[in-house]
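Just below is one structure, and these are the notes that go with it.
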Amino acid sequence: MDEYKACNLDYFPENILIDVLSFLSVRELVKAGRVCKRWKRLVKDQRLWRLVDLTAWKGVTSRILWLLLRQYLGCGLRCLRLRGLLLSARGGTFLSESWLKALSTKCPRLSKLYLLHADLRGLPSCQLLPTSLQVLELRGCELPREFFNQTSPACSQERAEATSSVGAQQKGRDRKGKGQGSPSGIGIGRLVLNNVPSFTDQHLQSLTTWEKLSRLELRDTFRVTANGLRSCAAKDVPCGVEGLSRLKFLEIGITGRQGYQLQMASLGLGAGWLGLEELSLGGKEVGPGLLCASRLKDLKCLCLWACTLSKMQIVRSCRMLRGLRRLEFLDVTFQPPQCPPVVEGEGAGVGAGAGAGAGAGAGAGAGAGGGEEQENEEAAGGDNSNEENKTLDTNDPIPSLRRSLAVLLPSCTLVFTNCSVQINAD
């Protein structure tokens, strides 16, 4: 027993200790590095600094960022999440150009950057971000007007110096020919903007010069209009295809700010976006977006989230989407089918003959309706096994909607997640 009492963490091998340290937060890791020389060396292991989340550390300043970059962050960093000082009483500059340049040099494998409540108006352009970034996510941030432009003043000066030499021109052409991206080096393929009020049509127009952008998510971006989205849509022109021609996934949704006058940016989808394969609509953009989505000939996946829809809206909008392969409903509230109103006491003043005639008429209508319903069920559910295979979640609130969509879109997979049916007060 005395031998077991004398055991401590020093007896464990280093790989076990690193696994134990991986459960600590960044702030706790920094404190653990002050225990002893061995722990200081273990804390600097790059396996502990692949995914760095600093959003929970509210007291992070530029001084702490420099300390982490100089002592801990290195070539192992893959994902970095930061919280800025936009909503802080202290304020001040959070991300500086010198720190971003040092981050790009010391962390060449950084592929995802997440910024929360960061004031980026002190940065002239996003070209200062690490060139290795593939995913950029901004939430609650403030942006300057020229943030997404690829021709910042510093870059234009460098480009002017490069064009003075014929060899530099040839080198730039060779890079373009090899498909290494734009001269600015922006290789971001996925851009997520969540609750960024300063994002406007001008920013959206700047994204048309990004050659690798394939996914664009716009949530609660209130200043994006239908005209702005329509002008950026990929379309054929005499000199080729212009706009966001490489964009395959687009998400639009406005869920906040009750009573705010909305521009309904989803109306811009009516231009018919060439090459757009996936579309996600949420909140108050679902209704206008469904009306225009029928013109998206290349659409394969459609996701509707956080909205209220009726069966008629869905069926009418999906009637033209013959190439749809996946239709997903996420947190959708379905309106119940409306029944014809019943007038009280109407049948009391009618004779027995009228009642019999009404019964015969009802029987004839039931026969006609029954025949039509039977034909629809045969067309929709001729093979129930195939229908069940194409529906990942059979817990759909409106079975008739699934049967109707099975007739219109026989090759489409339906997914229902956290959906419900609205209950009328009557």
Taking the side chain as everything from C-beta on, heavy atoms only, tell me whether Arg81 gets closer than 4.5 Å to Cys79.
yes
Who are the salt bridge (Lys or Arg N to Asp or Glu O under 4.0 Å) partners of Arg139, not counting sequence neighbours?
none
Taking every heavy atom of Leu24 against every heavy atom of Ala32, the minimum-distance pair comes out as CD1-CB, 4.3 Å
From CA spacing to verdict: salt bridge (Lys or Arg N to Asp or Glu O under 4.0 Å), Glu14, Arg41:
CA-CA 10 Å; Glu14 292 187 354; Arg41 178 171 54 84; 2.8 Å; yes
Basic-acidic side-chain contact under 4.0 Å: Arg219, Glu251
yes
Give a yes or no on whether the backbone of Gln205 and the side-chain of Thr208 come within a donor-acceptor separation of less than 3.5 Å.
yes
Please name the pair of heavy atoms, one in Asp45 and one in Trp49, separated by the smallest distance, quoted to 0.1 Å.
O-CD1, 3.2 Å
Any salt bridge linking Arg190 with Glu137? Criterion: basic side-chain nitrogen under 4.0 Å from a carboxylate oxygen.
no
To the closest 0.5 Å, what do you measure between CG (Leu304) and CG (Leu327)?
6.0 Å
Can you confirm whether or not the ring centre of Trp210 sits under 6.0 Å from the ring centre of Phe148?
yes
Please confirm whether the backbone N or O of Leu290 pairs with a side-chain atom of Ser294, one donor and one acceptor, at under 3.5 Å?
no
In short, Glu285 meets Ser266 closest at the heavy-atom pair OE1-OG, 2.7 Å
Check the pair His203 / Thr200 against side chain to side chain donor-acceptor pair (under 3.5 Å), numbers first and verdict last.
CA-CA 5 Å; His203 294 100; Thr200 61; 3.1 Å; yes
Separation between CG of Leu133 and CD1 of Ile186, rounded to the nearest 0.5 Å:
10.0 Å
Sequence neighbours excluded, the answer for side chain to side chain donor-acceptor pair (under 3.5 Å) partners of Ser317 is none
Does a sphere of radius 6.0 Å around CE in Met320 hold more than 12 heavy atoms from other residues, nucleotides or ligands, not counting ones at 6.0 Å or beyond?
no
Has Ser214 got a side-chain atom pairing as donor or acceptor with Arg246's backbone, closer than 3.5 angstrom?
no
Taking the side chain as C-beta and beyond, is there a heavy-atom pair between Leu129 and Leu103 under 4.5 Å?
no
Would you indicate whether the side-chain heavy atoms of Ile188 and Val135 approach each other to under 4.5 Å?
no
Is any side-chain heavy atom of Thr255 less than 4.5 Å from a side-chain heavy atom of Trp305?
yes
Just checking Phe199 against Phe222, ring centres under 6.0 Å apart?
no
Given Ser25 and Trp57, is the side chain to side chain donor-acceptor pair (under 3.5 Å) satisfied, shown in steps?
CA-CA 9 Å; Ser25 63; Trp57 192 349; over 6 Å; no
Of the non-hydrogen atoms in Asp53 and Val26, which two are nearest, and what is the gap between them?
O-CG2, 3.8 Å
Can you find a heavy atom in the side chain of Leu143 that is under 4.5 Å from one in the side chain of Leu138?
yes
Can you tell me how far apart CG (Leu116) and SG (Cys141) are? Round to the nearest 0.5 Å.
7.0 Å
Do Gln134 and Lys112 touch side chain to side chain, with heavy atoms closer than 4.5 Å?
no
If you count the non-hydrogen atoms of other residues, nucleotides and ligands that lie under 6.0 Å from CZ in Arg109, is the total more than 12?
no
Quick one: do Glu278 and Lys248 satisfy side-chain contact (heavy atoms from CB on, under 4.5 Å)? Show the steps, please.
CA-CA 6 Å; Glu278 299 182 33; Lys248 300 298 180 183; over 6 Å; no
With the side chain counted from C-beta on, respond yes when Leu276 and Asp298 share a heavy-atom pair under 4.5 Å apart, and no when they do not.
no
Considering all heavy atoms of both residues, which atom of Gly76 and which atom of Gln46 are nearest to each other, and what is their separation?
N-OE1, 3.1 Å
Polar side chain donor-acceptor pair, Thr225 to Asn227, under 3.5 angstrom:
no
Going from CZ on Arg325 to SG on Cys301, what distance comes out if it is rounded to the nearest 0.5 angstrom?
9.5 Å
Does Leu95 reach the side chain of Leu82, with side-chain heavy atoms less than 4.5 Å apart?
yes
